[in-house]
Every structure is written in structure tokens, then in C-alpha cells.
2 protein chains.
Amino acid sequence: MTALTNRTRGRRAVTDHGSIERAAFRLFEAQGFDETTMEQIAESVGVGRRTLFRYFPSKNDIPWGQFDQSLRDFAEQLASVPADVPVFEAVHRCVVAFNDYDKEALAQHRIRMRLILETPTLQAHSVLRYAAWRGVIEDYVARRLDLGSESLLPRLAGHISLALAISSYEQWLLKPDSDLPGILRQELYELRSYLQ
Amino acid sequence: MTALTNRTRGRRAVTDHGSIERAAFRLFEAQGFDETTMEQIAESVGVGRRTLFRYFPSKNDIPWGQFDQSLRDFAEQLASVPADVPVFEAVHRCVVAFNDYDKEALAQHRIRMRLILETPTLQAHSVLRYAAWRGVIEDYVARRLDLGSESLLPRLAGHISLALAISSYEQWLLKPDSDLPGILRQELYELRSYLQ
DNA sequence: TATCTTTTTGGCGCTGAGTGCCATTATTCT
DNA sequence: AGAATAATGGCACTCAGCGCCAAAAAGATA
């Protein structure tokens with residue numbers, strides 16, 4: 001399905017992240033995450049168990065797929081916001097854009113996020129991914145406001161954006177036809193009135 | 001150190017949660033959390049490895065000690081706030097009270113929270129504990145505002161309080177002599193101005 | 001005192017994630 | 001053809017966690 005082109009030396013890779021991800025998701029949906037072993041995924045991909053661990057550092061990382069790449073895009077998006085947009089507004093705008101998927105991608109995204117947010121093992125592991133995401137926001141806020149790394153506000157901004165995002169995702173997963181960017185905006189509105 | 005009184009039938013317990021916790025913390029501080037095995041803790045307590053798992057469901061649960069009890073207290077505190085106090089104010093007040101320790105307890109609390117917040121393995125596991133804590137807030141907010149379980153606001157309130165709390169803990173751990181309740185209040189103030 | 005009942009203990013053996021080591025295999029370069 | 005390079009995957013290991021069960025230790029009863 002995916003081209004395994006490799007124009008350098010050495011043996012060609014037998015698989016790729018995408019193939020592993022697809023095979024794994026098939027098993028996760030059929031049997032559940034905890035009930036699926038790396039052995040089974042390896043067999044399904046047609047590869048050794050040992051090889052799987054060269055593509056993904058852990059079983060918990062498989063559902064996150066290409067998140068690192070998305071993070072780089074997120075950081076770029078932030079960097080490109082005009083300096084006259086208020087900091088909070090800039091962050092919010094990019095968070096909304098970060099979670100705006102087109103229709104086909106949306107179905108897959110829903111499956112992915114349901115798995116991540118409804119499997120306790122993955123909920124736990126996700127903190128480490130969330131930390132990286134918060135880090136992007138912290139860096140941006142600190143840069144924009146010219147604050148040091150021990151400052152309170154950038155970290156707070158990261159935590160608050162994450163709280164809004166997760167809360168929105170929970171809501172989105174509850175309602176099959178709801179619109180994620182819309183929920184994000186609504187949550188922000190609710191937060192403002194909740195705090196008076 | 002702790003009385004192992006047991007006035008019912010059967011064999012007396014050889015240990016208790018407190019003893020295990022103390023032995024474990026000694027090892028965690030000396031060697032680090034990930035480098036300490038359940039085998040070593042068992043040996044240090046003078047008990048079989050299998051027995052440890054009867055007192056704590058997992059190694060990750062040891063640093064959390066008596067958290068379940070604290071949660072019950074937290075819920076009671078919330079329930080006892082007069083109904084004329086605004087919901088958000090009530091939550092905030094109880095969160096501050098929940099994190100107000102006296103001087104001796106504070107030193108131990110600092111060690112505990114440093115371990116939990118600075119060990120990636122524990123950061124991850126903690127989500128499950130945080131979820132229970134958020135649940136208490138969700139229930140309270142939903143009850144006060146007479147909202148159903150699918151409502152947006154109670155969940156959002158839980159996430160936001162957690163974000164404020166964790167952000168405050170991070171700040172508290174950075175400054176050796178800072179005052180946790182004070183930081184919590186300051187974070188709230190900052191949040192309000194950040195959102196305009 | 002001897003036996004019964006209840007409760008905790010802890011040993012044994014298993015599964016499954018994750019890791020270090022290294023020989024094997026596939027591929028390009030000279 | 002042979003050297004260099006890179007991916008594979010088998011092997012053996014550590015450790016968390018769990019089900020099972022026999023042994024130990026205590027009070028209760030006769």
C-alpha cells in the first residue's frame with residue numbers, strides 16, 4: 001500500500017509505521033487494546049516482535065501515530081500568527097486549527113481518539129504526549145510575553161489549553177455528529193462565564 | 001512503629017500500608033522509582049513480594065498512599081459549603097483547603113509530590129487518580145447547578161481545577177519556601193487576566 | 001488441651017512488555 | 001565478486017502483575 005522506497009544502502013525495510021498502525025488498530029478494535037499482544041500485532045504485520053519495538057518505543061505509542069509531526073506543524077502555526085493578535089487569542093485560534101480535520105480524516109481521528117481517551121492504559125500514557133503539546137504552547141507564550149522558563153503564566157496557559165481540549169474531546173465523543181472546533185469555542189465561552 | 005492490632009480471627013497482618021510506604025520511599029529516594037523493584041521493597045519490609053500486591057494494586061500506587069481517604073474528605077468539605085457561595089468560589093475554596101498542610105506534613109507532602117510529578121512513570125499513572133479527584137468536583141458542580149452527567153460545564157470545571165492545581169504544584173516545587181494555597185490563589189488571578 | 005474456623009501469608013509458575021546482544025539477510029557501492 | 005551498510009529477528013533476560021493453593025497463625029469451641 002505504502003511505497004517502501006529506500007534509496008540508501010543496506011537492506012530495505014520490510015514494513016513502515018503506517019502498516020503497523022493499521023494492523024494494530026484492526027486488532028484493537030476487534031479485541032480491545034489490553035487484550036492485544038505485541039506478538040499478535042507482529043504476526044498480523046508479518047514481522048518479528050522485536051522489529052515492532054524498532055518502529056514504536058512501546059505498545060502505548062502505536063495509537064498516537066504521527067503525533068510528533070503534527071506537533072511541529074502546530075509550532076509553526078503558532079509562530080506564523082501576527083504579533084498584534086493577543087496571546088491568548090493566538091493560542092486558542094491555533095488549538096482550534098490543530099483540531100480541524102476534513103471529513104475523511106475525521107472518521108479515523110474519531111476512532112483514534114476514542115481509543116486513547118477511553119482506554120485507561122492509554123489515558124495514562126497520553127500524559128507524556130500531552131506534556132509535549134503543552135510544551136509547544138509554553139514556549140510560544142513565554143516568547144510572546146518575554147518571560148523566563150520559571151514563569152507561572154506560560155505553564156498555566158499550557159495546562160488550561162489542554163484542559164479545554166480534553167474536555168472538548170470528551171464532549172465530541174459523546175455526540176456522534178458534533179463539530180470539534182465548535183465545541184472548543186463553546187468550552188472557552190463557558191469557561192469565561194464560569195470564572196465570572 | 002504502628003500498632004498491628006487485629007481483634008478479629010485469623011492470622012495477624014505482618015505489615016501495614018504505612019510501613020510499606022516508608023520502606024518504599026526510602027528506596028525511591030536512594031535509587032529512584034524505576035530502579036527500585038518490588039522484590040527490593042518486599043525484602044526491605046521483610047515480607048514476600050506477593051504480599052505487597054495485596055496492600056497496593058501496583059507499584060505505581062505506593063506513592064499515593066491514603067489518597068482515597070483524602071478524596072472522601074474532599075467530597076465532604078464540598079458538601080458542607082453553604083449554598084449561597086457561588087459554585088466556582090466553593091470549588092476553589094475547597095481545592096485550597098485540600099492542599100493546606102501543616103508544617104510537619106508539608107515536608108513529607110513535598111517529597112511525595114516531587115516524586116509523583118517528576119517521575120514520568122508516575123506522571124502517567126497519576127491520571128487515573130486525578131480522574132477520581134475531578135469526579136468529585138464534577139459531581140458537586142452538577143449537583144449544585146442541577147445538570148445531567150452529559151453536561152459540559154461540570155467536566156470542564158473538573159479539568160480546569162485540575163489544571164490550576166497541577167500548575168500550582170509545579171510552581172510550588174520550583175520554589176522551596178513558597179506557600180501552596182497562596183500560589184493556587186495567584187494562579188486563579190493570573191488565569192482570569194489571561195482570559196481577559 | 002485438642003480441634004475447628006478464619007484470615008493472612010508467600011511460594012510457584014505463568015503471561016506479556018520491554019531491552020541488550022548478535023548473527024543473518026538484503027542491498028548498494030567499488 | 002567482495003566490501004560496506006542497514007534492517008531484521010531470534011534468544012535470553014528482567015520485571016510487573018496475577019491466579020492458584022498450601023502453609024502458618026490466630027481466635028473460637030468443646
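Per chain, numbering begins at 1; letters A, B, ... match sequence-line order. Quick caveat, the model's predicted, so the values are computed rather than measured.
- Atom C1' of nucleotide C:dT8 and atom CG of B:Leu52 are separated by 14 Å, given to the nearest angstrom.
- Every residue was checked against the side-chain hydrogen bond (donor to acceptor under 3.5 Å, both in side chains) condition with B:Ser161, not counting sequence neighbours, and none meets it.
- Legend: side chain to side chain donor-acceptor pair (under 3.5 Å) pairs involving residues 70-79 of chain A, not counting sequence neighbours, sorted by first then second residue: A:Gln69-A:Arg72, A:Gln69-A:Asp73.
- In the region residues 28-37 of chain A, proximity to DNA chain C at under 4.0 angstrom, judged on heavy atoms, holds for A:Thr36, A:Thr37.
- Interface residues of residues 53-69 of chain B facing DNA chain C, ordered by number: B:Arg54, B:Tyr55; criterion, heavy-atom separation under 4.0 Å.
- Between the two ends of the helix from C:dT1-D:dA30 to C:dT30-D:dA1, each summarised by a five-pair axis, the helix axis turns through 20° (rounded to 10 degrees).
- Of the side-chain N and O atoms in B:Arg11, none sit less than 4.0 angstrom from OP1 or OP2 of D:dG27.
- Using a 4.5 Å heavy-atom cutoff, the side chains of B:Lys59 and B:Thr121 are not in contact.
- The neighbour count for B:Asp146 CG, taken as heavy atoms of other residues, nucleotides or ligands under 6.0 Å away, does not exceed 12.
- The distance from atom CZ of B:Arg12 to atom C1' of C:dT5 is 16 Å, rounded to the nearest whole Å.
- Residue A:Phe56 is not grouped with residue A:Leu128 when hydrophobic side chains (ILVMFWY) are merged at heavy-atom distances under 4.5 angstrom, including chains of intermediate members.
- Residue A:Leu115 is not grouped with residue A:Tyr130 when hydrophobic side chains (ILVMFWY) are merged at heavy-atom distances under 4.5 angstrom, including chains of intermediate members.
- Put simply, A:Met113 and A:Leu174 are part of two different groups of oily side chains (I, L, V, M, F, W, Y) that touch within less than 4.5 Å, one to the next.
- Contact annotation: the side chain of B:Leu184 never approaches that of B:Leu188 to less than 4.5 Å [non-hydrogen atoms, C-beta and beyond].
- In this pair, A:His92 and A:Phe88 present their aromatic rings parallel. The plane angle is below 30°, not in the 30 to 60° band.
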Test log, rule side-chain hydrogen bond (donor to acceptor under 3.5 Å, both in side chains), inputs A:Arg185 and A:Tyr189: CA-CA 6 Å; A:Arg185 280 183 280 258; A:Tyr189 174 82; over 6 Å; no
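- In this entry the distance linking NE2 of B:His125 with P of D:dA16 reads 14 Å, nearest Å.
- Less than 4.0 Å separates DNA chain C from at least one heavy atom of each of the following residues of residues 38-47 of chain A: A:Met38.
- Note: A:Phe74 and A:Trp133 have parallel aromatic rings, judged against thresholds of 30 and 60 degrees for the angle between ring planes.
- Side-chain N/O atoms of A:Arg50 and base N/O atoms of C:dG20 include a donor-acceptor pair closer than 3.5 Å.
- Between B:Thr51 and the phosphate of C:dT9, there is no side-chain N or O to OP1/OP2 separation shorter than 4.0 Å.
- More than 12 heavy atoms of other residues, nucleotides or ligands sit less than 6.0 Å from atom CD of A:Glu89.
- Ring geometry for B:Phe67 against B:Phe98 counts as perpendicular: the plane angle is over 60°, on a 0 to 90° scale with 30° as the lower cut.
- The distance from atom CZ of A:Arg49 to atom P of D:dA7 is 20 Å, rounded to the nearest whole Å.
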